[in-house]
Amino acid sequence: MKVLVTGGAGYIGSHTCVELINSSIDTVVLDNLCNSSEKSLDRVREITGTSPVFYKGDVRDEALLERIFSENEFDCVIHFAGLKCVPESVKKPAEYYENNLGSTLVLCKVMARHGCKRLVFSSSATVYSAVNEMPLKEDSIKGDCTNPYGWTKYMGERILTDIATADPEWAIALLRYFNPIGAHESGLIGEDPRGIPNNLMPFIAQTAVGRRDRLTVFGNDYNTKDGTGVRDYLHVVDLAKGHVAAIGYIMEHKGAEPINLGTGTGISVLDMVETFKQVNQVDVPYGFGPRRAGDVATCYAQADKAKRLLGWRAEKTLEDMCRDTWRWQSSNPDGYGE
Ligand code: NAD
Ligand code: WQD
């Protein structure tokens, strides 16, 4: 079995490479390194003993993709490559639509030309409308996205669903991730955001290690148990294993299938801060600030479809997520150092 992993040097991609290699799957990475470091792939080799084959380049480069597909016979593709920063997408919408949709369109064109019609797509809980009751189910209402990034995922799903409808040979898993956090338990790979982190866990970790003075908790007046936002955080290694399970599914089932990957449990910002402090015995100074525009009070998954279709469920605990994040952050205070 041979798999092309676009965006494989990134946060979720590098953890998925480890799980693919550990499952004896030949792993080929295509990444332009616009938001990652090639060092992550050296670390994948340190963990697994095997280097993924690496092509440096852009998924939108059709000639390059054509060459990669001529040099390799892939059973399927996992498509992580994309831009993912919500506030940046508000400032640079065209760049987001061009990258996230352009890469998906070129990839599908070249895949079809080479008769490779199995795809795992990185979608997101962000495709769900804020009007839904919790938990979010795969058939909950989608749309009303609050930012261009969210729309790129919504539209990406639409494009792929239409492709699978037009040509019934396609098998596509639309994996809707909730909030991936944590790091490989070796501490060798983890999340390394450029600039000031937008997301909660990297901000907590960088505060604990002294790179940030203090965390601002965005809002403490939500209708939640302690007033702070509640999310469905899942360990990135569980998420990576979900991709291996999804490959098993698309080897056997055609069509485009949306599947939530989450734990089904809501955790508040204060739960997260307190667990991080307690598990790691470190301080995380914080204060309260106003709500962040576009945030909802609560977001968590109904996770039973993944169990039913993929035989997958999240196994790691919140303590594991906090401990593994800290092992990565404290042994790599500057991430990959780029
Ligand atoms: P990441 O930025 O760490 O990884 C994305 C990788 O894609 C990077 O290595 C980047 O260099 C590469 N890339 C981007 N555009 C490219 C292009 N045109 N050609 C080649 N390479 C390109 O992000 P991540 O957190 O690992 O996310 C992976 C995927 O999962 C993304 O599609 C993201 O939108 C999606 N997702 C992430 C989250 C999350 O919270 N991290 C949640 C839901 C969905
Ligand atoms: C979590 C909670 C914040 C930072 C985002 C994207 C989403 C998805 C995952 C890709 C919220 C609070 C955060 C901080 C805080 N990505 N917070 N202080 O907003 O659920 O989802 O990442 O698809 O599209 O929108 O995650 O980690 O940013 O925030 O208080 O400095 O932490 O208000 O309640 P979010 P997050």
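One-based numbering, in listed order, for ligands and for the atoms of each.
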Nearest non-hydrogen protein atom, atom 27 (O) of ligand 1: I12 CD1, 3.7 Å
Ion pair check, K91 and E88, cut-off under 4.0 Å: no
Nearest-option assignment for atom 7 (O) of ligand 1, heavy atoms, candidates S103, S36, G7: G7
Enumerated ligand 1 atoms positioned under 4.0 Å from heavy atoms of C34: 10 (C), 11 (O), 13 (N), 14 (C), 15 (N)
Shortest protein contact, atom 8 (C) of ligand 1 (heavy atom only): D31 OD2, 3.6 Å
From H15, H79, K84 - option closest to atom 25 (O) of ligand 1 by heavy atom: K84
Lys/Arg-Asp/Glu bridge criterion (N-O < 4.0 Å) met for E138, K305: no
Sub-4.0 Å heavy-atom environment of ligand 2, residues by chain: V86, S124, T126, Y149, N179, N198, N199, L200, L215, T216, V217, F218, G229, R231, Y233, V269, R292, D295
Which residue and heavy atom of the protein sit nearest atom 3 (O) of ligand 1, plus the separation: Y11 N, 2.9 Å
Which residue and heavy atom of the protein sit nearest atom 5 (C) of ligand 1, plus the separation: G82 O, 3.9 Å
D295 bridged to R292 by N-O distance under 4.0 Å: yes
Atom 22 (C) of ligand 1 - nearest protein heavy atom and its distance: N32 OD1, 3.2 Å
Ligand 1 contact by T6, heavy-atom criterion under 4.0 angstrom: no
Taking atom 15 (N) of ligand 1 as the reference point, the nearest protein heavy atom with its distance: N99 ND2, 3.2 Å
Heavy-atom gap S123 to ligand 1 smaller than 4.0 Å: yes
Carboxylate-amine/guanidinium contact K56 E38, below 4.0 Å: no
Sidechain N-carboxylate O distance under 4.0 Å for D304, K137: no
Subset of ligand 1 atoms that lie under 4.0 Å from at least one heavy atom of S124: 43 (C), 44 (C)
Parallel, tilted or perpendicular: ring planes of Y286 versus F288, cut at 30 and 60 degrees: perpendicular
Co-members of I141 in a cluster of I, L, V, M, F, W and Y side chains, linked at under 4.5 Å: V131
Aromatic ring proximity F74/H114, centre distance under 6.0 Å: no
Identity of the nearest option to atom 32 (O) of ligand 1, non-hydrogen atoms only, from F80, Y149, Y233: F80
Note: E191-K84 ion pair, threshold 4.0 Å (strictly below): yes
Close approach, L33 and ligand 1, non-hydrogen under 4.0 angstrom: yes
A125 touching ligand 1 at heavy-atom level, < 4.0 angstrom: no
Pair E62 + R67: basic N to acidic O under 4.0 Å: no
Identity and separation of the nearest protein heavy atom to atom 19 (N) of ligand 1: V59 N, 3.0 Å
Per-atom contacts, ligand 1 versus A81 - under 4.0 Å to a heavy atom: 7 (O), 13 (N), 16 (C), 21 (N), 22 (C)
Per-atom contacts, ligand 1 versus S122 - under 4.0 Å to a heavy atom: 29 (C), 30 (O), 32 (O), 35 (C)
Straight-line distance of L65 CG to L107 CG, nearest 0.5 Å: 6.0 Å
Pairing residues for S140 by the side chain to side chain donor-acceptor pair (under 3.5 Å) criterion, not counting sequence neighbours: none
Pairs where residues 292-338 contributes a residue and the test ring-ring contact (aromatic ring centres under 6.0 Å, His included) is met, not counting sequence neighbours: F276-W326, W328-Y336
N199 side chain to P202 backbone, donor-acceptor under 3.5 Å: no
Note: R323-E185 ion pair, threshold 4.0 Å (strictly below): no
Within-cut-off N or O pair, K153 and ligand 1, under 3.5 Å: yes
Residues D324, R327: salt bridge by 4.0 Å N-O rule: yes
Test item, R176 contacting ligand 1 (heavy atom, 4.0 angstrom): no
Parallel, tilted or perpendicular: ring planes of F121 versus H79, cut at 30 and 60 degrees: tilted
Contact atoms of ligand 1, heavy-atom distance to G57 under 4.0 Å: 19 (N), 20 (C)
Nearest-neighbour protein heavy atom for atom 2 (O) of ligand 1, which is reported as residue plus atom name and distance: N35 ND2, 2.7 Å
